[in-house]
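This one's a predicted model, so the numbers in the text were calculated from it and none came from an experiment. Numbering starts at 1 and runs along the sequence shown.
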Amino acid sequence: MTLARTWSVGLTGLIGQLVTVEADLSAGLPGTSVIGMPDQAIVQSRDRIRAAIVNSGHKWPDRRITLGLSPAALRKSGAGYDVALAVAVLAAAGTVPVAAAGGAVLIGELGLDGTLRPVRGVLPAVLAARAAGRTRAVVPLGNLSEAALATGMTVWGAATLADLVASLLGENHGLVAGVAPDPAPPADGPDLADVLGQDEARLALEIAAAGGHHLAMLGPPGAGKTMLASRLPGILPPLDDEEALEVTAVHSVAGMLDERTPLITRPPFVDPHHSATQAAIIGGGSGQIRPGSVSLAHHGVLFLDEAPEFERRALDALRQPLEEGAVLLARSSGVVRFPARFQLVLAANPCPCAAANDADCRCGSVQRRNYLNRLSGPLMDRMDIRIDLPALPPSILTSVVGQGESSAVVAQRVALARKRAAHRWRDTPWRSTAAVPGAVVRRWWSPGEAEGQLLERAVRSGRLTGRGFDRVLRLSLTVADLAGRDVPSVADVATALALRCGETL
């Protein structure tokens with residue numbers, strides 16, 4: 001047999017497509033060519049798979065070898081096709097049976113000595129193979145725990161090409177059956193009990209967690225902005241099964257999974273440095289497009305500390321994912337869509353000098369205004385909650401840590417509020433109040449006369465835009481959910497309005 005076929009998976013973002021890998025051996029001068037829109041990593045695989053086959057104890061065919069990847073119009077990238085290419089060559093040469101070679105999807109990079117090396121994106125690749133009707137897959141041992149998360153697939157892990165060839169020949173082999181790993185035990189994270197004072201900020205954080213709302217905090221250094229933000233994931237509900245797979249798939253493509261406990265069951269917390277570029281935050285790359293911080297924070301929290309220090313272009317690029325819950329990256333190599341449904345938390349000092357109190361500030365009013373104007377109006381209009389944190393008085397600083405409510409207590413209230421919201425929106429695609437479009441909120445609840453007057457005055461005074469009006473409605477529903485009410489009261493609307501406009505409660 002001089003023609004053989006194996007299977008692999010090509011990824012475009014998180015979307016996988018089954019790829020047919022063919023090897024044809026023909027007469028002519030010995031040589032190897034790869035066709036089907038491969039990138040440089042796949043072109044170089046000719047040398048990798050030749051060395052791997054020879055070093056695994058098999059003969060490299062002394063023929064003209066053509067390796068084809070189909071569909072030909074799909075751009076292929078990465079070294080994850082190495083195993084499929086090597087097995088296709090061996091099958092075409094008659095070393096392994098052709099039927100056995102095409103029985104499983106093959107994913108992995110080959111070392112020159114024949115070892116199978118882990119690659120990125122194995123989980124979404126195996127899920128795509130399952131969706132295409134395949135039932136078996138072979139992956140590197142380092143990716144086995146991740147691949148086993150795809151239920152309904154028989155997954156095997158191989159350490160070397162020699163082990164894989166032995167299994168295809170029906171001999172004793174060293175393949176390891178994949179078993180879905182147990183979720184990692186919940187880690188002890190930062191506790192809200194450690195936060196001193198800032199009762200209004202704690203309430204704002206609880207409301208943000210209960211509804212999935214975005215939060216902006218302004219205050220001097222040491223007021224507790226970073227402490228509060230880092231404790232937000234600890235009061236969010238755990239991810240459900242579907243959310244956990246989505247988040248794990250994103251981190252798999254980014255190459256950031258723990259090999260032992262790959263499944264991510266807690267909302268992620270991503271806090272990029274203020275020197276991060278737009279591509280690092282939004283995603284991109286000159287070659288293979290990678291997810292950025294907004295996607296790594298999917299179903300979790302994206303925290304931008306010292307927000308005015310970030311690039312203006314990077315901050316403004318957040319506007320689309322904040323509205324759409326996804327980011328669309330268009331490059332010359334194609335268009336990739338990554339999920340990006342996250343909670344944004346911004347923290348900023350009142351001025352560039354970041355004095356601990358106003359008396360020590362050296363900045364003029366114009367300088368302070370220009371500093372905060374780095375956070376554009378359209379971006380701030382998308383922040384549901386805006387609060388000012390005062391400097392902590394000495395009496396608070398010398399108090400005993402741990403006197404406030406713990407994260408566990410607050411998380412219970414947040415979970416109940418989330419359940420109420422999920423029940424309210426059970427017949428819609430949304431589960432958190434912050435994600436529900438304004439038109440849907442208006443159809444479900446229309447403010448009464450007293451609530452309407454509050455909102456009307458805020459609009460007439462210029463404190464609320466049209467977008468802000470809808471966000472206050474959502475905030476009001478969340479405040480009502482925390483209080484156990486089906487419909488917001490006047491007090492709930494007043495609280496939401498104060499949080500939205502940065503006023504004292």
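With Arg463 contributing its side chain and Val459 its backbone, the two residues share no donor-acceptor pair below 3.5 Å. No donor-acceptor pair under 3.5 Å is formed between the side chain of Asp381 and the backbone N or O of Gly377. His251 contributes a side-chain N or O that, together with a main-chain N or O of Leu296, makes up a donor-acceptor pair within less than 3.5 Å. Judged by distance alone, the side chain of Thr248 and the main-chain N or O of Ile264 form a donor-acceptor pair under 3.5 Å. Within the 3.5 Å criterion, the main-chain N or O of Ile207 finds no donor-acceptor partner in the side chain of Thr478. Looking only at distances, no side-chain donor or acceptor of Ser407 sits under 3.5 Å from a matching main-chain atom of Gly234. The backbone N or O of Gly219 sits less than 3.5 Å from a side-chain atom of Lys225, completing a donor-acceptor pair. A donor-acceptor pair under 3.5 Å links the side-chain atoms of Arg130 to the main chain of Thr151, judged by distance alone. Judged purely by atom type and a 3.5 angstrom limit, Asp191 has no side-chain atom pairing as donor or acceptor with the backbone of Asp194. With Gln453 contributing its side chain and Ala450 its backbone, the two residues share no donor-acceptor pair below 3.5 Å.
In this structure, Arg431 fails the cation-pi test against Trp425, since its NZ or CZ atom is not both closer than 6.0 Å to the six-membered ring centre and inside 45 degrees of the ring normal.
Salt bridge present: Arg460 and Glu456 bring a charged side-chain N and a carboxylate O closer than 4.0 Å. Ion pairing between a basic and an acidic side chain is recognised when a charged N comes within 4.0 Å of a carboxylate O; Glu405 and Arg231 show no such pairing. Salt-bridge annotation for Asp316 and Arg312: present, with a side-chain N of the basic residue lying under 4.0 Å from a carboxylate O of the acidic one. In summary, Glu324 and Arg319 do not engage in a salt bridge, as defined by a charged side-chain N under 4.0 Å from a carboxylate O. One finds no salt bridge joining Arg500 and Asp384 here, because no Lys/Arg side-chain nitrogen approaches an Asp/Glu carboxylate oxygen to under 4.0 Å.
In summary, the side chains of Glu311 and Thr277 do not present any donor paired with an acceptor at a separation below 3.5 Å, with no hydrogens or angles considered.
Ring-plane geometry between Phe310 and His274 is classed as perpendicular, the angle between the planes exceeding 60 degrees on a 0 to 90 degree scale with a lower cut at 30.
For the atom pair CD of Gln320 and CZ of Arg382, the computed distance is 10.0 Å after rounding to the nearest 0.5 Å. Taking CG of Leu127 as the reference point, atom CG of Leu245 lies at 6.5 Å (rounded to 0.5 Å). Atoms CZ and OG, from Arg337 and Ser295 in turn, are 10.5 Å apart once rounded to the nearest 0.5 Å. Of the inter-residue distances, the one linking Leu263 atom CG with Asp258 atom CG reads 11.5 Å to the nearest 0.5 angstrom. Taken to the nearest 0.5 Å, the CE atom of Met383 stands 12.5 Å off from the CG atom of Leu499. To the nearest 0.5 angstrom, Asp492 atom CG is 9.5 Å from Leu482 atom CG.
Each of Leu232, Val247, Leu239, Val301 was checked for a side chain to side chain contact (heavy atoms under 4.5 Å, CB included) with Pro267, and the lone residue meeting it is Leu239. The only member of Arg341, Gln343, Arg266, Glu246 that meets side chain to side chain donor-acceptor pair (under 3.5 Å) when paired with His299 is Glu246.
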**Report entry** Step-by-step side chain to side chain contact (heavy atoms under 4.5 Å, CB included) determination, Val335 to Leu329
**Finding:** CA-CA 6 Å; Val335 178; Leu329 302 171; over 6 Å; no
Report task. Report the C-alpha separation of Ile281 and Leu318 in whole Å, then their side-chain angles, then the decisive distance to 0.1 Å, and conclude whether the side chain to side chain contact (heavy atoms under 4.5 Å, CB included) test is met. Result -> CA-CA 9 Å; Ile281 293 177; Leu318 294 172; 3.9 Å; yes
Query raised in the report: Arg485 and Ser489: side chain to side chain contact (heavy atoms under 4.5 Å, CB included), yes or no, with the steps?
Result: CA-CA 8 Å; Arg485 289 186 283 270; Ser489 65; 3.9 Å; yes
Query - Steps toward side chain to side chain contact (heavy atoms under 4.5 Å, CB included) verdict (Glu306, Asn349) - result: CA-CA 7 Å; Glu306 307 294 346; Asn349 294 314; 2.9 Å; yes
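Leu322 is listed as a side-chain neighbour of Phe342, based on a closest heavy-atom distance under 4.5 Å. Taking the side chain as every heavy atom from C-beta outward, Ser446 and Arg442 never approach each other to under 4.5 Å. You'll find the side chain of Leu116 stays beyond 4.5 Å of the side chain of Leu141, heavy atoms only. For the pair Leu473/Leu475, no side-chain contact is recorded, criterion being any heavy-atom separation below 4.5 Å from C-beta on. At a threshold of 4.5 Å between non-hydrogen side-chain atoms, the residues Leu302 and Val345 do not count as touching. With contacts defined as side-chain heavy-atom distances shorter than 4.5 Å, the pair Thr226/Asp271 does not qualify. Val440 has its side chain within reach of Trp430: a pair of non-hydrogen atoms, C-beta onward, lies under 4.5 Å apart. Side-chain contact between Glu146 and Val126: absent, with no pair of heavy atoms (C-beta onward) separated by less than 4.5 Å.
Other residues, nucleotides and ligands place no more than 12 heavy atoms under 6.0 Å from the CD1 atom of Ile15. Summarising the local packing, CZ of Arg426 is surrounded by more than 12 heavy atoms from other residues, nucleotides or ligands at distances under 6.0 Å.
The shortest non-hydrogen separation linking Cys501 to Leu464 is SG-CD2, 4.4 Å. Nearest heavy-atom pair, Leu315 versus Ala307, reported as atom, atom and distance to 0.1 Å: CD1-O, 3.5 Å. Looking at every heavy atom in both residues, Ala229 comes nearest to Phe269 through O-CE1, 3.3 Å. Heavy atoms only, all atoms of each residue included: Lys76 and Ile42 are closest at CB-CD1, 3.3 Å. Nearest heavy atom pair, residue Arg418 against residue Pro237, reads CG-CG, 3.8 Å. Closest non-hydrogen pair, Asp481 versus Arg420, comes out as O-CD, 3.4 Å.
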